[in-house]
Amino acid sequence: MLVLEDRTVTGDLVIRGERIAAVGGQAPVQPEDSVMDAAGMYVMPGVIDPHTHFALRSGPYTTADDFTTGTRAAARGGVTTIMDYTTQPREASLVEAIQQRRAQADGQVCIDYSLHVVVADLEHGQMEELPDIVQMGIPSVKVFTTYRGAGLYSDDWAIFQLLKRSRDMGLLVTVHAENDAMVEGTKALLTKQGRTSPAYHGQSRPALAEVEAVNRLIFLAQAAGSAVYFVHLTTPKAVTLAVAARQRGQPVIVESCPQYLVLDDSVFIGPHPEEFIWSPPIRPAAIVASLRERFKAGEIQVIGTDHCGFTRAQKRQATSFHDAPNGLPGVETSLPVLYSRFVATREVSIVQLTRVLAANPARAFGLYPQKGVLRSGSDADVVIYDPRGEHTLRDEDLHGAPGCYTPYAGRRIHGRVAATLLRGQVIYRDGQFLGKPGYGRFVAGQPFDLTAVIG
Ligand code: URP
Ligand code: ZN
Ligand code: ZN
């Protein structure tokens, strides 16, 4: 069954070279053709994960996954394009940061990739570089309303200027939205009470910090006349604010992640709460249940994973929520975990899941229709998902850097990725990785279209 943007159809998918040549119907087979039989399976556009951090330096830690191990794991999870974040010190040139990140990724990636640029020092020349980065095929930046200690924080004035400038240059501003003062105040309070073990991570970054920052950013974006994209939202209240803004005609795009839809803060009660430390944190079960309803209602437009893979050994060095490496591996499990939790249970259609995993991220970041859709002329990036069978996910089933683990261990998974094709090449099939580092390419994004409907 072929999964299109608005429906499923039965029929053939014809690939010629790197592109899709025909979708649906019955195609005549030429003698030189190789044929894959996907009867009983879903044939979907390759997953686009718009939120990864490979080879990320974070304080004293560097993620275990680099561009090779990370994209190899991604291919096994049905992902054909990742979008990673540049990493650079304050006062760095954005153009240089892109060049450095590209030098790290080119030749190493097993799947296609694009980038977002982190901006944290707009006053010192970064604002002037923005048109150049759009020209370089990177029409999105990320700002942080928190992480002051890491030098990533931008204040409201800087963000407002950025939003205003972004409007006319086809740049999409993405935001990590947590009120910094609320987070730091809560952390200080817990520290005073001696409650700093990793188990308190969830409490240390309250849901209200996210809701307040989202509310403020929507207000600022409206005043600036710009779009805004929220990364990794965790709260139904923030999603509701975004929906209300969209209903007023404001382009507000919401991304959430599998971890916020399927895990809850009971993980912090277990013996290794540090393995579940990432930010924003996983929320209490009632919030998660309500976020799931928002997801089922189609109010979350994009799913990213925020993949940031540390090993178990790295995680176990943590003594408190202050010093734990933040992040989780997710790129390989996103499709099977979400398929199992929402499609196998018939709560979300395969069409809707595919839209948030492929077409919508492609539309938001200027990759559509080259990527994200099964359409004649599009890149032949395809995942074949076999819904039959069940298994329990184990750490050994992952293929990222050695020593990584999955926070979803023990979950029942329905079906499996049977094959992944990148631009017509089979890069994964039936348990075997067939790709190679360097086959992936940088894909340039087109400028953001303020009028684009991302449904
Ligand atoms: O804990 C996380 N999410 N680490 C990666 C950086 C970020 O905030 O996205
Ligand atoms: Zn973030
Ligand atoms: Zn992130």
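This one's a predicted model, so the numbers in the text were calculated from it and none came from an experiment. Ligands are counted one by one from 1 in listed order, and the atoms in each one are counted from 1 as well.
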*Asks:* Sequence neighbours excluded, which residues qualify as side-chain hydrogen bond (donor to acceptor under 3.5 Å, both in side chains) partners of Ser114?
*Replies:*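 Not a single residue meets the side-chain hydrogen bond (donor to acceptor under 3.5 Å, both in side chains) criterion with Ser114.
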*Asks:* Indicate yes or no: does Glu96 engage Arg101 in a salt bridge with an N to O separation below 4.0 Å.
*Replies:*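 Salt bridge flag = no for Arg101 with Glu96.
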*Asks:* Do the charged groups of Asp106 and Arg441 touch, with an N to O distance under 4.0 Å?
*Replies:*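 No, this pair does not count.
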*Asks:* Which count of protein N, O or S atoms is obtained for distances strictly below 2.8 Å from the Zn ion (ligand 3)?
*Replies:*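 Excluding waters, the total comes to 3.
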*Asks:* Is there a side-chain contact between Asp397 and Glu332 in this structure, where contact means two heavy atoms from C-beta onward sitting under 4.5 Å apart?
*Replies:*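 The answer is no, as the side chains (C-beta and beyond) never meet within the 4.5 Å cut-off.
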*Asks:* Please answer whether the main-chain N or O of Ile287 pairs with a side-chain N or O of Ser290 as donor and acceptor at a distance below 3.5 Å.
*Replies:*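 No.
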*Asks:* Could you walk me through whether His116 and Phe365 pass the ring pair (Phe, Tyr, Trp, His ring centres under 6.0 Å) test, one step at a time?
*Replies:* CA-CA 9 Å; His116 313 281; Phe365 298 111; 4.7 Å; yes
*Asks:* As a test of reading the model: which N/O atoms of the protein lie under 3.5 Å from N/O atoms of ligand 1, and at what distance?
*Replies:*
| residue | atom | partner | partner atom | Å |
| --- | --- | --- | --- | --- |
| ligand 1 | 1 (O) | Ser279 | N | 2.9 |
| ligand 1 | 3 (N) | Ser279 | O | 2.9 |
| ligand 1 | 3 (N) | Asp306 | OD2 | 2.6 |
| ligand 1 | 8 (O) | Tyr147 | OH | 3.2 |
| ligand 1 | 8 (O) | His176 | ND1 | 3.1 |
| ligand 1 | 9 (O) | His53 | NE2 | 3.2 |
| ligand 1 | 9 (O) | Lys142 | NZ | 3.2 |
| ligand 1 | 9 (O) | Asp306 | OD1 | 3.2 |

*Asks:* Whether the Tyr229 and Glu255 side chains hold a donor-acceptor pair (N or O, under 3.5 Å, no angle test) is what I'd like checked.
*Replies:*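 There is such a pair (donor and acceptor under 3.5 Å, judged by atom type) between the side chains of Tyr229 and Glu255.
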*Asks:* Can you list the residues that meet the side-chain hydrogen bond (donor to acceptor under 3.5 Å, both in side chains) rule with Lys315, with sequence neighbours excluded?
*Replies:*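 Lys315 satisfies side-chain hydrogen bond (donor to acceptor under 3.5 Å, both in side chains) with no residue once adjacent residues are dropped.
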*Asks:* Taking Glu210 first and then Lys237, would you say they form a salt bridge - that is, a charged N and a carboxylate O separated by under 4.0 Å?
*Replies:*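 No, this pair does not count.
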